[in-house]
Structure formats: C-alpha cells, structure tokens
Amino acid sequence: MVKLASEDQAKQKKATRAAYGATLAELAGEGVPVVAVDADLTGSTTTKKLADAGYADRLFNCGIAEQNMVDVAAGLAVTGHVAFTGSFAVFGTGRAYDQIRNTVCYSNLDVKVAPTHAGISVGPDGGSHQMLEDVSLMRGLPNMRVLVPADYAAARAALRLAAAEPGPVYVRMGRASVPCVYADDVELELGRAYVLREGSDVTIVACGVEVEQALKAADMLADAGVDAEVIDAFSVKPLDEETILASAAKTGCVVTAEEHSVMGGLGSAVAEVLARKLPTPVEFVGMRDAFGKSGEFEELMAYFNLDARALVEAVKNVMARKQV
C-alpha cells in the first residue's frame, strides 16, 4: 500500500514546483549526472536550488528562449547527462513543442521536460499563462512518458523516477501550494495508479491537484451514503489500465478529474481504455474548451467547476446513467 500523509501532514501545504530544484540537488549529491537547463526563470521554477547546493556548473540559463533551451538539453543528453528543462508549462511545452517532438522524442533522448506553473493554479497571471493543453501535447508524442504529481512528495518521487527512466519524461508541476496527500518518503512507479480510498458505488480517477479534491468529494459523498473509490492516476502515460478496469468493473461508473482540458488529457486516456475493454458510463471534470481567467487558485477551481463540489455533481450524473 502506498504511504499516505499523516493527519498532521495533510494539513500542510507545499507547491509541487518547490520539489524541483531541491530534488535535483539531492540527485546530484547521489552521483546522478543531472543538469538543469532553464529559460531565465530559475527562481520561479526553483532550479536555482541546484546551484545554491554547490552545483552551479550544472545549471544552464538559456535566457528567454525555450526552443533553444530544449535543444541545449538535448545536446547535454547526447553527452551523457540526464537533462531537465525548466520554464513555465505554457512556454516549456507550447513554445518548444517542435524541438521536444523532433529533437528529443524522435531521437528518444534522455531529456526530462519538467515545467512548473501548469494549469489554472498560476492564478492571477491569467489565461495567457494557464497552460491547459500540455498533457494532451506531451501524451501524444511517441517515446514520451507523462507524470502528474498530486503534491510535493509525489513531485519529488516523480522527478527521481524521471531521472532513473531512460528517455523522455514529462513531469507537470504547479505554482500553488496544495495540501499533502502522500507521506514525505513516498515512492511511486511508472505505469502505476494508486487506489487511495476503496469504494463500491463509483470510481473517481484523478491526477494532480484534483486528487485532493477527489478525496474531499469522497468524504462529502460518504455523508450522502455513496461509497466512492478514489484512484490517483499519477502516471497518465503509460496508464495503469489494469487498476482502472478492475475498479470500473466493480463500481460500474467512472468520473475523471484533472486541472486540464477535458480534451486529450487524463479523461481521454481513461475513456479510450474503457471504450476498448469495458464500456462504462463516464463523466469528465476538467476545463471545458476554454481559456482560464485571472483570479486566486481556489476561486478559479470553483468558477471552472473543478472543485470537490463539482466532482460530487459529476458523480450524481454518472450514477444516474449507471446500468442496474
């Protein structure tokens, strides 16, 4: 069973991005040949912590030039380094998509695309900076694996996993401080989903910040007599089909939840599996073909129907369609 946060730990909040530079410094200290290549955002992405820990020669600031950043990372990977890229997700994936596709993935290089500030958790920066298509972009690339950690501990585990896995890996991190879900020393696996709460009436498959919202929704549903199973699909690609199919077979209906567009992300991945192997009623909680807006993270979660309340409504809708 995966280690979850204690009651006291669950009250603490940390941003997933806060794990980035600190974890790279840990890996460097353990002898892993990690390097970080950033686009003049080393403070915001926290890659600066790698230099602060005594590894300044492993941090390369390419300036505001994400395409060049990815190509520099590719060159470092060719020379035997495990290269992580920084920047905000909207620029680190969107602006540099061509280089990620044709330089990194086409040649299956050991580059880890690990931007921060993904999703609406960017908050006041507004719709221009709230990247909601990145999982779809990265998931569609051959050779790319996609990890979406739920909290600080999961982000640390994802970064360590990315460093150990040969070839391209995408790690999605956010700006906002979020509650702890996992114990500090949790270890996660590529291609695994984790059942955080067992249930028999409905399956909620979530990733990223939506995992904590799914657990909240499960508590709310329990008060109404609904027994919800909550799964963290930490590894969006490869997806743990076996765990999701087993849960769907047990409950008979599924809700997916992601801080991302409902097109092409986790919801699409789950629906593809169910369509092929176990046709099941599904409801999708995510951004509905829209750009974000400026506002505080919690306000935006409620405004765009991404919070626990929205998950409860989605559960009611999918259970109404459930075959008896």
Side-chain angles (χ1 to χ4, degrees), residues 17 20 34-41 45 47 60-119 122 128-149 158-159 161-174 190-191 207-208 233-239 258-269 271-272 286-287 289 291:
R17 65 168 171 150
Y20 196 9
V34 293
V35 292
V37 189
D38 212 304
D40 207 29
L41 289 164
T45 64
T47 55
F60 301 87
N61 188 344
C62 292
I64 306 171
E66 278 79 6
Q67 294 107 323
N68 188 47
M69 171 188 73
V70 172
D71 283 343
V72 169
L76 288 164
V78 168
T79 59
H81 297 87
V82 179
F84 284 79
T85 65
S87 192
F88 292 177
V90 69
F91 307 123
T93 60
R95 181 178 289 167
Y97 179 78
D98 180 33
Q99 286 70 28
I100 295 170
R101 181 187 187 276
N102 288 319
T103 305
V104 173
C105 289
Y106 193 75
S107 298
N108 202 24
L109 299 180
D110 209 7
V111 174
K112 320 304 175 179
V113 181
T116 61
H117 295 64
V122 177
S128 63
H129 283 54
Q130 293 167 356
M131 185 55 162
L132 300 163
E133 311 89 55
D134 51 315
V135 173
S136 177
L137 289 174
M138 297 298 102
R139 180 176 163 254
L141 288 170
N143 294 325
M144 181 67 81
R145 280 69 53 83
V146 178
L147 305 177
V148 184
L159 292 161
L161 180 57
E165 286 289 329
V169 180
Y170 180 59
V171 181
R172 187 187 207 234
M173 292 174 283
L190 186 70
C207 65
F234 154 82
S235 177
V236 175
K237 181 188 176 186
L239 189 67
E258 58 195 313
E259 184 207 9
H260 182 272
S261 172
V262 294
M263 301 175 184
L266 173 65
S268 295
E272 288 161 15
M287 290 293 289
D289 197 20
F291 290 106

Trace of the side chain to side chain contact (heavy atoms under 4.5 Å, CB included) decision for Val236 with Glu258: CA-CA 11 Å; Val236 175; Glu258 58 195 313; over 6 Å; no
If we only count heavy atoms from C-beta on, is the Val135 to Val148 side-chain gap below 4.5 Å? yes
Heavy-atom pair of closest approach, residues Ala83 and Ala77: CB-N, 4.5 Å
Closest heavy-atom pair, Tyr20 versus Thr116, reported as atoms and distance to 0.1 Å, is CD2-CG2, 4.2 Å
Evaluation steps, side chain to side chain contact (heavy atoms under 4.5 Å, CB included), between Thr47 and Leu41: CA-CA 8 Å; Thr47 55; Leu41 289 164; over 6 Å; no
For residues Met131 and Leu137, determine if any side-chain heavy atom of one lies less than 4.5 Å from a side-chain heavy atom of the other. yes
Would you say the side-chain atoms of Lys237 pair up with the backbone N or O of Ala269, donor to acceptor, closer than 3.5 Å? no
Can Tyr170 and Thr93 be said to form a side chain to side chain contact (heavy atoms under 4.5 Å, CB included), step by step? CA-CA 9 Å; Tyr170 180 59; Thr93 60; 3.5 Å; yes
Stepwise side chain to side chain contact (heavy atoms under 4.5 Å, CB included) test for Phe84 and Val171: CA-CA 10 Å; Phe84 284 79; Val171 181; 5.5 Å; no
Heavy-atom nearest pair, Ala39 first then Ala65, reads CB-N, 4.3 Å
Can a donor-acceptor pair be found, under 3.5 Å and without considering hydrogens, that links the side chain of His81 to the backbone of Val34? no
For the backbone of Leu109 and the side chain of Ser107, can you confirm whether one donor and one acceptor N or O come within less than 3.5 Å of each other? no
Quick note, salt bridge (Lys or Arg N to Asp or Glu O under 4.0 Å) partners involving residues 87-116, not counting sequence neighbours, are Glu66-Arg95, Asp110-Lys112
To the nearest 0.5 angstrom, please state how far the CG atom of Asp71 sits from the OG1 atom of Thr103. 4.5 Å
For Gly119 versus Leu132, what's the shortest heavy-atom pair and its separation? CA-CD2, 3.9 Å
Side chains of Asp289 and Ser261, heavy atoms from C-beta outward: is any pair under 4.5 Å? no
Between Val169 and Ala162, the two heavy atoms sitting closest are CG1-CB, 3.8 Å
Would you say Asn61 and Asp38 are linked by a side-chain donor-acceptor pair, where the criterion is simply a distance under 3.5 Å? no
Pairwise distance CZ(Arg17) to CE(Met173) - rounded to 0.5 angstrom: 10.5 Å
Do Val104 and Asn143 have side chains that approach each other closer than 4.5 Å (heavy atoms only, starting at C-beta)? no
Could you label the plane-to-plane angle of the His117 and Phe88 rings as parallel, tilted or perpendicular, counting under 30° as parallel and over 60° as perpendicular? parallel
Going by heavy atoms in the side chains, are Ile64 and Phe91 under 4.5 Å from each other? no
So which of Gln130, Arg172, Met287 actually passes side-chain contact (heavy atoms from CB on, under 4.5 Å) with Glu259? Arg172
Exercise: identify the closest heavy-atom pair between Val72 and Cys62: CG2-SG, 3.9 Å
His260 vs Ser136 side-chain heavy atoms within contact, under 4.5 Å: yes
Using only atom types and a distance under 3.5 Å, with no angle test, would you say the side chain of His129 pairs donor to acceptor with the backbone of Val122? no
Salt bridge present between Glu272 and Arg139 (N-O < 4.0 angstrom): yes
How long is the gap from CG on Leu239 to CG on Leu266, to the nearest 0.5 Å? 7.0 Å
Within-4.5 Å side-chain heavy-atom neighbours: Leu190 and Pro238: yes
